[in-house]
Every structure is written in C-alpha cells, then in structure tokens.
Amino acid sequence: MDHAFGQGRAFALGVEEELLLVDPATHALAPQSSAIVPRVELPPTDGKVMHDVYEACVETATPIADHALQAAGWMGSMRGALREAGATLMGGGIHPSAALGDAAHVDAPRYEEIGRQLRGLLRRTPTCALHVHVGMPDPGTAIRAFNRMREHLPLLQGLAAHSPFWFGGDSGFATARAQLFRGYPRADVPRTFAGWEDYDISMRQIVAAAGVPDYTFLWWDIRPHPRLGTLEVRAMDAQSRLDSAAGLAALVHGLVIDGTLGPPGDPPPREVLVEGSFRASRDGLDARIWSRGALRPLREVARTALDIARRHARDLGAEDALEGVERILAEGNGADRMRAAHARGGMDAVLELLVRETGAG
C-alpha cells in the first residue's frame, strides 16, 4: 500500500471536528450545509471547512499544527467563519431531540455510496465526532503507536462523552453517538497488528471482502491513515466547548507520542477494550474500566494518562491545553452538563446550552 508516512513533520497534529447546523430560533436541525459551506470565507492557511455526509452537519480540519493550542486557535477561527456565513452551530455527539429519520444527506458520490451500503443505519440521525491526527515518521512507528493507543480508547470515550439524549429522551448512555455508530459495519475497536506488512495484507483483504473502494470505509475507533501519513484517533464525541476539544487533542497528542517510545508492551485483547468502550460510553466519568490488570475508576485512569501526556505537552509548549481535560474532570463532561441543564429547564435548556457553548469560542 502506498503511504505518506515520513513525508510530513513527525508528530505534527491535525484536528477535525464535525458540528451540527441548527435553526437559530428553534435549535432544530437545519439542513443547510450545501448553502453554508460555499459561503465560508477562510484563507487556505487557516484550515478547511467541508461537507460531511449530512446536510445538517459540517466538518472542519485544521492545518498541520505544532500542538493543541495552535490547533484550537484555528478551530475557533473556523467556527467564527461558519457563523459569519450564516451558520448556527451545535457541538455534541448527536442532536438531543431530532426525530428519527431527520437526516438529509449531501449530494456527493462518496456519500451516495455510503448511503447505498448503510441504508437505514445512515438515515437515523446525524452523528458528530472529534478526530485527532498525529503525523507518523514511518509505517513501523505508525503500527507501534496504533497498537499501544488502543488501550486508551475507553478513557477517551468516557472523557469526551457528550450525547446522553437521543430522539428527545435520555438514552441511559453518556454517549449515545457511540452506540449508534457501533451499528455501522467496520465501526469497532480493531485488533493489534504484528507490523506494517500484517496491516497492509489485512487491509487488502478487508477492503476486498467489504467491496468498498479503500480503507477510509473502515470506521474504526483508531486507524492508521496512510494517505495522510498519520495515526487517527476517532473514538470521541464532538465537543461544544472549544477548551474541551483542545484538551482532548492535547491528551491524544501526548499519548500517541509516548506510544512510539519504549518497548511495545502487551496491549489488552480486543475483547477487553470492546467491553471497556461499552462501559465508558454508558457511564462516562463514573465508569470503571480495565487498566493495568484491574477494573479501575475512569478518573483514576485519566490521572495516569494526564501525567504521561503532560510531559510531552510541556516539551511542545502546550501544557495549558490539558486544562481542558482538568476542567472535564472537575466540572463534568458534556453529558453531565447536558443532564444538569435538562434537570433545570428541560430539553429547551439543553439545546440552548449546546448552542451557547459552541458559540463562545
């Protein structure tokens, strides 16, 4: 498989966020992507605003950044450019009260192909995630980091959980998006790979067996991205607070860098991580997940991960970005804030909170 590993800066950072478009008055989904995206005025050096599958969703991608603070600055600029183009934005994993089937799709060949494959699964409701890319110096390092980063997926999912409500009711999960997304084929926690050759052979076989154009139709929670030369972490809900997105990006950045160092270790089996992913998506910050040979409170696991990531963030000059994760641990994640808003003022309060936080920059 052709790849771009080593062609860019090793360990550079890129962040993609998917954001919902909503009506400014009612905060209902607004299928306006085809109208909004062409109106966005943004220099190419400041990032890229794109369509996603859904007309009520847009995707932004930062330029290649040195660290999460720099990436967050571009993310804020792109949110601002979207607002200037007429968008009202809502961050979070899914719209809390959209009706089942309120999911118009963008007219584009890739999305038509995805629609043919997923059918009713793609017509339920838009889902939005935060994706973090870290540049890899070579294929072997990419697979080593991939293998080690898998064990952090449940933690990241619990920290980022930001979609407790679906179709107007409480799902009982901290992230309903994760459960909806699990219904897609190839949307899973992958196994480890022995090396680049093992990955390359497996990708060829999976792509052929699925009858899909290429590996980008594998929607794993984490995946090497040979075309971009990165490792891409995809397990997290989109965020309304920009500081939360920056903190999560900084945490991922530090953990990925650390995952390229030292011996490969003994990553947990896929089945253990799948169970941890379910527990984290259900219980959020209150989850107990498997770590270091035992079930441990997610908050304890987060402290250990922050200690690891902080060393690398400090070297990058981006330690302050991790305050976004500290704030999550202190004040609650998006799911906690949404449930507190609902207790105060019902669904209207939830929608107002998400729009206000997303617009705050």
Side-chain angles (χ1 to χ4, degrees), residues 1-17 45-48 60-75 129-153 155-156 159-160 190 192-193 195-196 199-200 215-216 220-236 242-265 267 302 304-325:
M1 182 189 302
D2 293 336
H3 64 81
F5 297 119
Q7 295 182 19
R9 297 203 313 273
F11 310 122
L13 182 72
V15 182
E16 299 168 338
E17 64 171 352
T45 54
D46 289 354
K48 187 176 182 181
T60 70
T62 70
I64 297 172
D66 296 323
H67 50 66
L69 291 175
Q70 187 180 41
W74 280 316
M75 292 165 71
L130 178 72
H131 298 166
V132 180
H133 292 257
V134 181
M136 292 286 104
D138 56 74
T141 301
I143 298 302
R144 185 164 66 252
F146 165 87
N147 286 341
R148 293 187 65 180
M149 272 302 296
R150 292 165 58 259
E151 65 186 279
H152 299 298
L153 294 174
L155 168 64
L156 295 170
L159 289 170
T192 58
F193 292 97
W196 175 252
Y199 169 79
D200 188 8
Y215 73 88
T216 64
W220 291 342
D221 285 4
I222 182 172
R223 67 184 183 188
H225 206 317
R227 189 181 301 165
L228 299 181
T230 66
L231 180 64
E232 180 186 11
V233 177
R234 304 164 45 84
M236 299 174 289
L242 192 57
D243 70 316
S244 295
L248 292 164
L251 182 61
V252 170
H253 198 189
L255 292 174
V256 169
I257 293 172
D258 197 76
T260 67
L261 306 174
T304 301
L306 277 167
D307 288 343
I308 294 170
R310 198 176 300 280
R311 297 194 297 267
H312 302 290
R314 189 178 299 124
D315 291 342
L316 292 165
E319 187 176 4
D320 286 351
L322 290 173
E323 289 305 309
V325 179

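In this chain, residues are counted from 1 in sequence order. Side chains are part of it too, since the values below use all heavy atoms of this structure and drop only hydrogens, waters and symmetry mates.
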* Begin from the C-alpha positions of Leu156 and Met149 and carry the test side chain to side chain contact (heavy atoms under 4.5 Å, CB included) through to its verdict. => CA-CA 10 Å; Leu156 295 170; Met149 272 302 296; 4.2 Å; yes
* To do: Take Leu242 and Met75, measure what side chain to side chain contact (heavy atoms under 4.5 Å, CB included) needs, and give me the verdict at the end.
  => CA-CA 8 Å; Leu242 192 57; Met75 292 165 71; 3.8 Å; yes
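No donor-acceptor pair closer than 3.5 Å links the side chain of Arg150 to the backbone N or O of Ile222. Checked by atom type and distance alone, the side chain of Arg148 never pairs as donor or acceptor with a backbone atom of Thr260 at under 3.5 Å. Remark: side-chain polar atoms of Tyr215 are paired, donor with acceptor, to backbone N or O of Arg227 under 3.5 angstrom.
Asp221 CG to Glu232 CD: the interatomic distance, rounded to the nearest 0.5 Å, is 11.0 Å. Between the CG atom in Leu248 and the NE2 atom in His253 there is a gap of 14.5 Å [rounded to 0.5 Å]. Rounded to the nearest 0.5 Å, atoms CZ (Arg311) and CD (Glu319) are 12.0 Å apart. Distance check, rounded to the nearest 0.5 Å: OG1 of Thr62 to CD of Gln70 gives 8.5 Å. Summarising the geometry, atom NE2 belonging to His312 is positioned 11.0 Å from atom CG belonging to Leu251; distances are rounded to the nearest 0.5 Å. Note that CG of Leu155 is 10.0 Å distant from CE of Met236, once rounded to the nearest 0.5 Å.
The two atoms that bring Gly317 and Leu69 nearest to each other are O-CD1, 3.9 Å, heavy atoms only. Here the closest heavy-atom approach between residue Thr216 and residue Arg223 is recorded as O-NH1, 3.3 Å. In terms of heavy-atom proximity, Ala302 sits nearest to Leu159 at CB-CD2, 4.3 Å. In this structure, Ala318 and Ala68 approach most closely via the heavy-atom pair CB-N, 4.3 Å. Of all heavy-atom pairs between Ala250 and Ala309, the closest is O-CB, 4.4 Å. The nearest pair of heavy atoms linking Ala145 to Val256 is CB-O, 4.3 Å.
Residue Ile64 places its CD1 atom among 12 or fewer non-hydrogen atoms of other residues, nucleotides or ligands, all under 6.0 Å distant.
Take Phe146 and apply the ring-ring contact (aromatic ring centres under 6.0 Å, His included) test, not counting sequence neighbours, and it matches Phe193. With sequence neighbours left out, the ring-ring contact (aromatic ring centres under 6.0 Å, His included) criterion links His133 to His225.
With contacts defined as side-chain heavy-atom distances shorter than 4.5 Å, the pair Pro63/Thr45 does not qualify. Put simply, the side chain of Tyr199 does not reach to within 4.5 Å of the side chain of Pro139, judged on heavy atoms.
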Side-chain donor-acceptor contacts of residues 2-15 below 3.5 Å, not counting sequence neighbours, with atom names and distances?
| from | atom 1 | to | atom 2 | distance (Å) |
| --- | --- | --- | --- | --- |
| His3 | ND1 | Phe5 | N | 3.1 |
| Gln7 | NE2 | His3 | O | 3.3 |
| Arg9 | NH2 | Asp66 | OD1 | 2.7 |

